[in-house]
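Scroll down for the structure; my scribbles are underneath it.
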Amino acid sequence: MKLEVKRIVKNFGGLQALKGVSFTIDSPQLVGLIGPNGAGKTTLTNIITGMLAPTSGEIWLNGERIDGMRPYAIARRGLGRTFQVTRAFRRLTVMENMLVPALARNPRADRHAMEQKAREILAFLTLDHLTNEYARSLSGGQQKLLELGRLLMLDPQIIILDEPFAGVHPRLQRTIYDYIRRVREAGKAIILISHDMESIFTLSERLMVLNFGELIADGPPDEVRRMPEVIDAYLGRDEEEETEHA
Amino acid sequence: MRRSAQLNTQYQARYTLWGLAALGVLILLIFPLLFRQQPYWLYIASQALFYAILASSWALLAGYNGQFSFAHMAFMGLATYASGILGRETGFLAFDLSPWVSIPLGVLFTGFVGLVIGYLCLRLRKTYLALFTIAFAEITRLVIKAEVKFTGGPNGLPLKPLLESTSYVPVYYLMVALFLGTLLAMYVLVRSRYGLYFQAVREDEDAAAALGVNVVNTRILAFVVSSMIAGLAGAVFHHFPTVGLVVPDEMIIGRMSLVLAMAIIGGSNSLIAAALGAIFIHFSLEWLQEIPLPAAILRTLEAHRATLESLGFGLGENGLKTNAWRMVGFGMLLMVTLRFRQNGLIAPLLERLSRRHVIQEIAARRRAREEEEIEVSDEPNEQVGGAS
Amino acid sequence: MLTPTVWDASLFHASPQLAVSGEFVLRLIIDGLMIGIIYALMAIGLTLIFSVLNIVSFAHGEFYMLGGYIVYFFLQTFEALPPLLSIVAAAIVTFAVGFLFERIFLQPMARGEVERPNEYAILVTFGLAFFLQFLMLGLVGPFPKKAHRLFDLPQIEGTFFRTTKATLFLGDITISAGRLFAALIALLALAGLLWFMYRTWTGRALQAVSQDRNAAAVVGINPLNMNTLAFSMGAMLAGLAGAVLVTVYSWVPWVGVPASSKSFVIIVLGGMGSIPGSLLGGLIIGVVESLGTGLFPDPARAQAYRDVFGLVIFALVLLLRPTGLFGRKL
């Protein structure tokens, strides 16, 4: 797998949200992406997954240029994402939610095999007792888990998780934690966007810091957290806050 | 023990549903025997089936795919006019085709227009789509009305008979076949992966796209299929020797509201509920046209004939004519249904029948899970509108 | 093309009896401006509803229709009373109907008790339109009605400026008294509306809610009451437009359908829902429609195409700026 993001610029009117962001992911790894609010993390995600067109720059996936492709085409090439706000298909059942990406990715897939796979994923996510329930009767945290499970049914190589821990009950957070580990062990690359520093530093093998539309750091987490510009921009303040709370 | 009990209810539910479906088909088939002496009711029944096809195909587009189009009757009319024009002997584009040829051509033409309109609607969200389709429907109707040379104008366009016989019986059975055929086709479609795509796109376009669903194709497919079915119903129905004429006023927004109300009152997220709603409402409206009353009451009312007539009612030989008032009541029913039973009056019943075992199973498994561990104090999301 | 059909001929050559004179065009423009003011009044009502409740009322045309019928029946029933009272009656009744509908059917939506609110708002206002159309059909029947003009003109004899009871002459240009009075009453209503919106506390509160619901709630404005007020006033403005136009056009229960689509076009044209913008949009639509109809080569089809013009503009604008109708996403 190889995802190359090359000099992505995005302007909204007079505002420059991204000022030439470049990075490459070419092996299964867990990449943390952090940055203060408004740094451009979600904009970057939307551009990589085709929901927004970049003002300039290129994105390549496995040697194929994907910027300008429509979101579904990018998803079918193995690049999946979740959203910051839960977006389960509320009037479909949990199982139907799971089948949508499976059949979209591979229309000729055997439906029974897919259902079996979905059941295994649901069991791991502790949602198996709700297989035939409508998604709208699930709790907010369960809907988030469902979205994560649904994403696996797409069978992606690279996934972008946008704030998977936000607003989730601690017990379900642990499940999400395990989920991320397992997906990583299954040989997929993950870009994890989160404000939860503890999980970012525990999970990440590589850390990118986005500040005012610029990638100001990209490297091993331990090095990145010691870089002065990162501390200035973001981490320093945050760690102080954390100690205060503790 | 529990498991076999579950299986039992599951099979029960399935048998009940199939049993009801078989009963429905049986009633459709023997209906002419029951009303042998009253061919008028046979005609009403074929009309009801015409509306049932329109309501269920609208439900496919609006209920399953979330595109609240008001152009459905316009598509019905377009196919009918196209078929009529291709079939006539003289005039513009007159090829004197047999209805068996002109109807499919008219339906294809409608599919093409549906493709264009569906494509244009892609960027429009709910309210804007409704506004745009109203504009399209009105433009279509007004142009057809104005272009007298092409279309016959306000007086309508005569259509060749599809069948030789002018009896109501073959007309009725042909309509039954068309109704069951289209319903089955749509049912197969919504049970396929496309049905899942339709609903996923209705729920959340961006999320569906992020999971690999081609939103553009899905929306256009729903538009084209539903328009073509509306067109087919319109063209076949108007080619019956008992009808034989189409007028532009059948495409007015008021008539569209009728179909929409039938689907909504039945329940627009179920094809069958929408169809049943249409059949039920069409028969009710027919019956309400002249409510049968005992002679004694009629004689009393006769004294107040003038008052009644000034209020828009009328007195027939056997009862009270309600004229426009039945539609007033019906409009009220639509609003009240929307307010208090947003999923319709019939759909939730079908849903309860078909999901009874699922609901029991989920409840049992939830209980089991609770026993296993202390439940998380994770509140369920907003759960407006009940269980269906 | 040895025997061109009437259609071909009329499309490509202006018919001789319609030799277009300057006076004729001027008359069309004046007619259009007068009707345009009334259209604007109705469009402002729709804007008010949208900006406060964030919904599009599909029953707007039916309030217009209702207002017209109330004037018609008032004039028939109370011949002795001053005719202007009929307009007041139309305003009161449409306000009341709007009030009841908002309280019963829209308020639950604002309180978050309705699932899928977008869909509900479309369908329930559509249901109201359906209900009102057939209610009037039941009450008055399908045959066109037309109210007599409210007043006669005073007799003035001049060379350039002179009048008969029904017509005002300015040189060679004729203006019908019915239209003139309709436009004047609409102007009066418009002035009243402006005064209300900009000079009273309630009017300012309405504007505040339309800009920021939460902030308005903080300073003690109850947004739910503002919803009711905005919807009722919007309905009343449509009712007023119908009330004055019933003396100009003939009235049937579905007369509101093309009228409401005109309101939509006006909002599109006129600066995204501002009151001056709607006024301008109304005038433009009035004139375009009047010229389009008057100058269309085939008079028989002209009447039919009068409504098509506006609808085509409307459809095009929707396609070209799908979220720009009111400058907000729906």
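Just so it is clear: chains get the letters A, B, ... in the order the sequence lines come, proteins before strands, and each one is counted from 1.
- A distance of 6.5 Å separates CG in A:L92 from CZ in B:R202, rounded to the nearest 0.5 Å.
- Looking only at side-chain heavy atoms (C-beta outward), A:R70 and B:V215 stay at 4.5 Å or farther from each other.
- Inter-residue side-chain proximity for B:L211 and A:R105 is flagged as unmet; no heavy-atom pair is nearer than 4.5 Å.
- Looking at A:F89 and B:D204, their side chains come closer than 4.5 Å, going by heavy atoms from C-beta outward.
- Among all heavy-atom pairs drawn from A:R76 and B:G212, the shortest one is NE-O, 2.8 Å.
- Note that CZ of B:R193 and CD of A:E96 are 15.5 Å apart. Values are rounded to the nearest 0.5 Å.
- In this structure, B:Q199 and A:R91 have side chains that are not in contact, with every pair of non-hydrogen atoms separated by 4.5 Å or more.
- Pairing each heavy atom of A:R111 with each of B:S192, the nearest pair is NH1-C, 4.2 Å.
- With contacts defined as side-chain heavy-atom distances shorter than 4.5 Å, the pair B:N214/A:Y72 qualifies.
- With a threshold of 4.5 angstrom between heavy atoms, A:P156 does not approach chain B through any atom at all.
- Taking 4.5 Å as the limit, every side-chain heavy atom of A:E133 sits out of range of all side-chain heavy atoms of B:V358.
- For A:L103, the parts lying under 4.5 angstrom from a heavy atom of chain B are both the backbone and the side chain.
- Between chain B and the residues A:P71, A:P107, A:G80, the most heavy-atom pairs under 4.5 angstrom are made by A:P107.
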